[in-house]
Each structure stands twice: as C-alpha cells, then as structure tokens.
Amino acid sequence: MLPLVIIQTSYQTYEMADKITSRSADYAQWYTDLVLQSGLAEYSPVRGSMVIKPHGWAIWEEMKSILDKKFKETGHVNASFPLLIPKSFLEQEEGHAEGFAKECAVVTHYRLKTDPDNKGKLMVDPDSQLEEELIIRPTSETIIWNCYKNWIQSYRDLPILINQWANVMRWEMRTRLFLRTSEFHWQEGHTAHATSEEAIAETEQMLHVYADFMETYMAIPVIKGIKTPGERFAGAVETYCVEALMQDGKALQMGTSHFLGQNFAKAFDVTFLTRDNKSEYAWATSWGVSTRMMGALIMVHSDDDGLVLPPKLAPLQVVIVPIFRNEEQLEQIRQKANGIISALKSQGISVKLDDNDQYKPGWKFAEYELKGVPVRLAMGMRDLENGTVEIARRDTKEKSTVDLEGVEDRIIALLETIQHDMYEKALQFRADSTHRVDDWDTFVATLEEKGGFIEAHWDGTEATEQKIKELTKATIRCIPLEGDMTPGKCVYSGAPSQRRVLFAKAY
RNA sequence: CGGGGUGUAGUUCAGUCCGGCAGAAUGCCUGCUUUGGGAGCAGGAGGUCGUAGGUUCAAAUCCUGCCACCCCGACCA
C-alpha cells in the first residue's frame, strides 16, 4: 500500500475575505474579524469552544516548540496525565476546590442508548450512572499530586520537574476566541521540591523563562510581578505573573507561575524522608501559558489589514509572488526564485513561491498581508530584465526594489530588523500608555480617557482593591518585581502605601 | 441566571408587518479574456425557510411549545 501523502495546505486555502472592521471603529469586532478572516480559528458547533485552524495551530506549534525546548533546557521532562479527575480529588485542597467548583464540566454517565420513545435518537442510559462523578480537568494539580504521593518517598526522589501539554476545560459564561474559551490548550508544569527556597527559585525561574520567550520571540514587552491575594491562583501561596498591554489600552495576563507551598502535599499526604530521616511535606510549584497568548500576539501587533507576525513565530516567513502572463514567463521567474528559496532554506528560513495562477498578484498581496507573512517578494518580467526584486515588509508596509544579487542576506537582515522593530514599537506604545497617578480624580479620568497601565499607590487591603474594581472596573494587574519602591499614600484611601502597584482594565 | 436580539443557499442577509411560484450578494463549478494592489463577461449547480405542533383552500410569513446561537450584565488562564 502506498503511503498517504499529506500536503500542507494552510497557505493554500484561498477565500475572498470580507472587510475587517477597523480598530478605531470597534476594537472588539476588529479582533473577531481578524481571527476569523485570517484563518486562525472559527466558531465550533459547541458554544464556548473553538476550532483552531491550520494557520492558527501552526503559530501555536511554533510557540510550543520554542517553549518546550526551554523547559527541557531547564531540566524538565514531559508526561501526560488523565483528562478525567475524580470529584473527590478536587475536594482535597480547600482553596483549590472553591476556586474551580463553579466552572467544572462533570461526567456522570458512561453510556448512551437508543431512545425507545423517539426513533433514531440517543438518550443517556440511566443505568450507566457513575459511582463517583468525574471532572474534566480545569487544571491538573490534584491528579498529579495524587501520583506524586506514590513517586516521592525520599529526598533522593526530588526534585520532580514535569510538564504536560494538554487541553483543559473551564466552563465560561462569556467566551472570546483564544482569549477565553471553555476548552483551551496549554502547558502546565508541576514540580515538587525538598525545600521552600528551591520551589520559590523554580517559580521565579519559570516566570523568567516565560518573560524571555514573550519578549524575544513574541516581540511583546511584559511586566513581571506578583498577584495580590485577591487575584491569586486557587490553592497557591504566591502567584507570579507576566502582564502585557494591548493596543486598546487593556491589559492581558499572559502567563502565571505559582508557588504552592505545601498545600497540595498536605492535601494529598505527600511526604518524604530528609537526609536526617525526618518526615516532611514536599514543596510545590505549577506554571502555565495557554493559547491565550495567541490573543496577545494578535492584539499587540496586528493592524487593520490583518495579522502582523513576528518573524520568529511566523510559520511562513517569506513569500514570493510571481507576476507573469504565461507559463514561459512563470518558468523564468521560477528559476530565479528557486535560487532564493534554496539559499534561504539553507539558513532555516521558511519560504515559498506562490505560483498559483488562479489569483492575480494584487489578491495574493492582500491575502499574505492578512495572514501576517513578515516579508513578501514580488518578481515580474521587469525585475528579470533589471536583475531586481521587489521586497515588502509587513509590519511597516514599506516596499523597495533591490538588486537580486545578495538579496538573501538582505532578507535575513530584514527579518531580524522586523523582529526588533516590532518589539520596540510595542515597548514605545506601552511607555506612552503607562501613567503615574497620585490622586483619585486623575486615576478615574486617566482610566476613562486614556486607558493603559496606571502606576499608583495602594494601601494593601483587599477592601480598597475591591472598591476600586467596583468603581472603575480596573484591577491590580500585579505588584511589579522591579520598579519604583518609594512609599506614598494610597490613591483611593490615602492610607500609607509601601510602593506603587500596576492597575489596568483587563481582559 | 436576568434583559435584548437572531435562526431562510457554503457564507452574509432580504422577504415575515399585510399568508399566494424561494430571492440577492458573495462563494462554488464550466468556458473565454485577464495578471506590478483583492479582475471582467457568459453559462451552471446549490434550500425539508432551526424544530414540533396548531390555524387556513394555501404558512418562510399568523399562533403555541421546544432547541440553538449572538449581544449586554453577575464568574475567570
């Protein structure tokens, strides 16, 4: 039997795209239009869940492979734990149980049968009710720590540094493509350590791994910080996070890393014997980033013409559009293009020639801009005669005609320039959108008129945090790890404050 | 779960008020002409009008139930 050959088609599905709503007209609609029309994802028949289409999944795969490498470089290994979690496991850790109870999908039966009263229809077989309900994992701490109980007896078994790539489910009231869906894909690291210090170091290390990935590869500047008790992960002692600012001035939490203390070890009775033969509970961390990062990638960089992808995450980095009238001309262009393609591929650049003759060049230009391909080359007979090629960059839409000779080096340099410029542009936007505020009226006015991050003093109480949220819908995104440490007075209550924290309206 | 809205061609929607042959655009198929910023013309295929019932000579249209989805508010990576 012949092997089945699957041809990669994510850039070959041509459809006429409708107009994307402009960002200035309706930012939320722009986002939805862009996700749908650039072919990243579409709605599924089930409310709250989405289909991630090849182009969207290809970007996620780029993210995964880079992160996976970083996890392994820092000593982690991958494993896979079950999708279904016994309800009793979830009950073990009190804070955790309370935090997730309201958004769990529950499996109660294991069988269907044909409905005797309704031909051709299926019904849940009442005889198949489960003794104990199973929860579709909203996160995996409980089932993993149930395993760790058996894996950990001695300090010699520690640390355990495991990551899993998985899908999880949290039953959401209101959903948005990539940003909040009931089912989402992520990675969750779950580590066990002999000491508190080591666990905290792990938590911080992974936060830095995330931040480095987001800044270097996603070209998104992030603020590293810790969450207030009110915003902390259910079951954590301390939650670290990375926060980014979107083009509409709203913040997005891009990842979290939790120091779980001994909460889960105690809940699941995970003890080990130390070198001096004393029994101790293990120390834990967990950390995750999800397909939500796709939303950040879109909202930080893209424009009214479509996606703008940083070269380091673009599944296709360079596209060559030939301009031709007949097959002979195409063949001539193809020969020149093949030289460029092989030179670029040898440098690890992904590139393709779009020689489809069903669409005019103008159509292809618009299409690749919509899909976010960082660099586009156009080659026609005029170029062949002159020994030139037209080169266009997606982020600025600048076009220039350059000598064909040495164009490969120019492209490689341009990809680096684009990556760099995208980060700088986002950094500048964030700087322009970060406001230092010291009084309540300005605080409210700034949120209403400008949005963005607000650096302000907070008295440290949950009551004040809640009140500010009620009045302005802004939340404390984090207490930044770096930054201004000078004391002052709370912007709301006037009570003493040790330092400024970061406020914003958030997704 | 409260308030509002929508279910008609692959998609977006008109038609519903006032019952009377199932429509448009776009996409799809075929052919010819085009090709340096989303091409033009000609022909063609495509529907159980969400679903179940009721009223009527006649229902996409009126009435009732059910279902689904979307938008706005209370929870969240």
Side-chain angles (χ1 to χ4, degrees), chain A residues 13-20 26 28-29 32-33 36-37 42-49 98-104 118 121 137-139 166-176 178-188 210 227 230-234 236 239 241-243 252-258 286-296 305-306 321-327 329-330 333 354-370 376-386 388-390 392 397 399 401 469-470 473 475 506-507:
Chain A
T13 44
Y14 293 105
E15 274 172 42
M16 184 66 174
D18 296 325
K19 272 270 172 280
I20 298 174
D26 184 343
Q29 192 58 47
T32 303
D33 287 356
L36 296 175
Q37 287 176 35
E42 64 185 37
Y43 291 106
S44 85
V46 179
R47 193 198 72 91
S49 55
E98 278 177 22
F100 284 103
K102 283 169 289 184
E103 48 187 3
C104 287
N118 209 342
K121 301 291 183 192
R137 62 182 167 213
T139 179
N167 54 345
V168 291
M169 177 160 277
R170 297 179 188 176
W171 209 266
E172 297 291 349
M173 298 296 189
R174 292 191 60 189
T175 59
R176 293 197 64 191
F178 287 117
L179 297 173
R180 177 161 298 109
T181 45
S182 288
E183 180 189 5
F184 60 92
H185 296 262
W186 75 348
Q187 57 70 216
E188 44 180 328
Y210 287 156
K227 286 291 186 190
E231 299 274 334
R232 207 175 268 157
F233 175 75
T239 288
C241 64
V242 274
E243 295 281 331
L252 182 74
Q253 177 178 301
M254 289 183 65
T256 48
S257 184
H258 313 289
S286 68
W287 29 274
V289 291
S290 73
T291 38
R292 175 180 246 200
M293 288 195 298
M294 294 286 294
D305 294 318
V321 176
I323 296 150
F324 58 99
R325 286 168 201 277
N326 53 49
E327 187 59 36
Q329 290 187 354
L330 174 59
I333 294 165
D354 184 350
D355 57 3
N356 184 306
D357 66 353
Q358 303 301 305
Y359 293 88
K360 291 175 70 176
W363 196 96
K364 293 178 185 175
F365 293 168
E367 183 66 10
Y368 289 109
E369 279 162 12
L370 180 61
R376 182 189 73 231
L377 304 183
M379 258 182 150
M381 296 317 287
R382 218 154 63 203
D383 293 303
L384 290 196
E385 283 162 24
N386 300 335
T388 59
V389 60
E390 184 189 81
K397 314 250 334 226
K399 286 196 288 196
T401 300
K469 185 176 177 180
E470 265 173 46
K473 291 193 175 165
T475 50
Y507 278 97

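Each chain gets a letter, A, B and so on, in the order the sequences are listed, and its residues count up from 1.
For A/Leu370, taking side-chain heavy atoms from C-beta onward, the closest of the listed nucleotides B/rA77, B/rG38, B/rG37 is B/rG38. Checking B/rG36, B/rA77, B/rG37 against the side-chain heavy atoms of A/Ala366 singles out B/rG37 as nearest.
Taking atom NZ of A/Lys102 as the reference point, atom P of B/rA77 lies 11 Å away to the nearest angstrom. One can place CD of A/Gln358 at 14 Å from C1' of B/rC32, the figure rounded to the nearest angstrom. If you take CH2 of A/Trp363 and P of B/rG27, they are 10 Å apart, rounded to a whole angstrom. For A/Trp186 and B/rA77, the CH2 to P distance is 9 Å, given to the nearest whole Å. Atom pair A/Phe365:CZ and B/rA39:P shows a separation of 11 Å (rounding to whole Å applied). Atom-to-atom, CD of A/Gln329 to P of B/rU35 comes out at 10 Å; the value is rounded to the nearest Å. Rounding to whole angstrom units, CG of residue A/Asn326 and P of B/rU34 are separated by 11 Å. Atom pair A/Tyr359:OH and B/rG40:P shows a separation of 13 Å (rounding to whole Å applied).
Using a 4.0 Å heavy-atom criterion, one finds that A/Gly288 contacts no nucleic acid atom at all. The residue A/Ser286 sits apart from the nucleic acid: no heavy atom pair falls under 4.0 Å. A/Arg376 comes within 4.0 angstrom of a nucleotide base, judged by non-hydrogen atoms across all strands. At the heavy-atom level, A/Asp357 lies nowhere under 4.0 Å from the strands shown. Using a 4.0 Å heavy-atom cutoff across all strands shown, A/Met254 reaches no nucleic acid atom at all.
Taking the side-chain contact (heavy atoms from CB on, under 4.5 Å) definition, one finds that A/Lys399 meets it with A/Arg376, A/Glu390, A/Ala392, sequence neighbours left out.
B/rA14 is unpaired under the criterion used here, namely a Watson-Crick or G-U wobble arrangement in which both key atom distances are under 3.5 Å. Applying the Watson-Crick and G-U wobble criteria (two distances, each under 3.5 Å), B/rA9 pairs with nothing in any strand. With a cut-off of 3.5 Å on both Watson-Crick or G-U wobble distances, the partner of B/rG53 is given as B/rC63. When both pairing distances are held under 3.5 Å, B/rG2 makes a Watson-Crick or G-U pair with B/rC72. When both distances must be under 3.5 Å, the Watson-Crick or G-U wobble mate of B/rU30 is B/rA42.
By the 4.0 Å N-to-carboxylate-O rule, A/Lys227 lies close enough to A/Glu243 to be salt-bridged with it.
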Requested in this report: Start with the C-alpha distance between A/Phe365 and A/Trp363, add both sets of side-chain angles, then the distance that settles ring-ring contact (aromatic ring centres under 6.0 Å, His included), and finish with yes or no.
Outcome: CA-CA 5 Å; A/Phe365 293 168; A/Trp363 196 96; over 10 Å; no

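Between A/Ile323 and A/Glu103, the residue anchored closer to the 5' end of RNA chain B is A/Ile323, taking for each the nucleotide with the nearest heavy atom. Mapping A/Thr256 and A/Tyr43 onto RNA chain B by nearest heavy atom places A/Tyr43 closer to the 5' end of the strand.
Remark: A/Arg325 is in phosphate contact with B/rU35, judged by side-chain N or O atoms under 4.0 Å from OP1 or OP2. The phosphate of B/rG37 (OP1 or OP2) has no side-chain N or O of A/Lys360 nearer than 4.0 angstrom.
Put simply, the side chain of A/Lys399 and the base of B/rG37 share a donor and an acceptor less than 3.5 Å apart.
Looking only at atom types and distance, the side chain of A/Tyr359 has no donor-acceptor partner in the side chain of A/Asp354 under 3.5 Å away. Side-chain contact check for A/Asp33 and A/Gln29: at least one donor-acceptor pair (N or O, by modelled atom type) lies under 3.5 Å. Under 3.5 Å, the side chains of A/Ser286 and A/His258 contain no donor-acceptor pair of N or O atoms.
Judged by ring centres under 5.5 Å apart and planes tilted less than 30 degrees, A/Phe184 stacks against the six-membered base ring of B/rA77.
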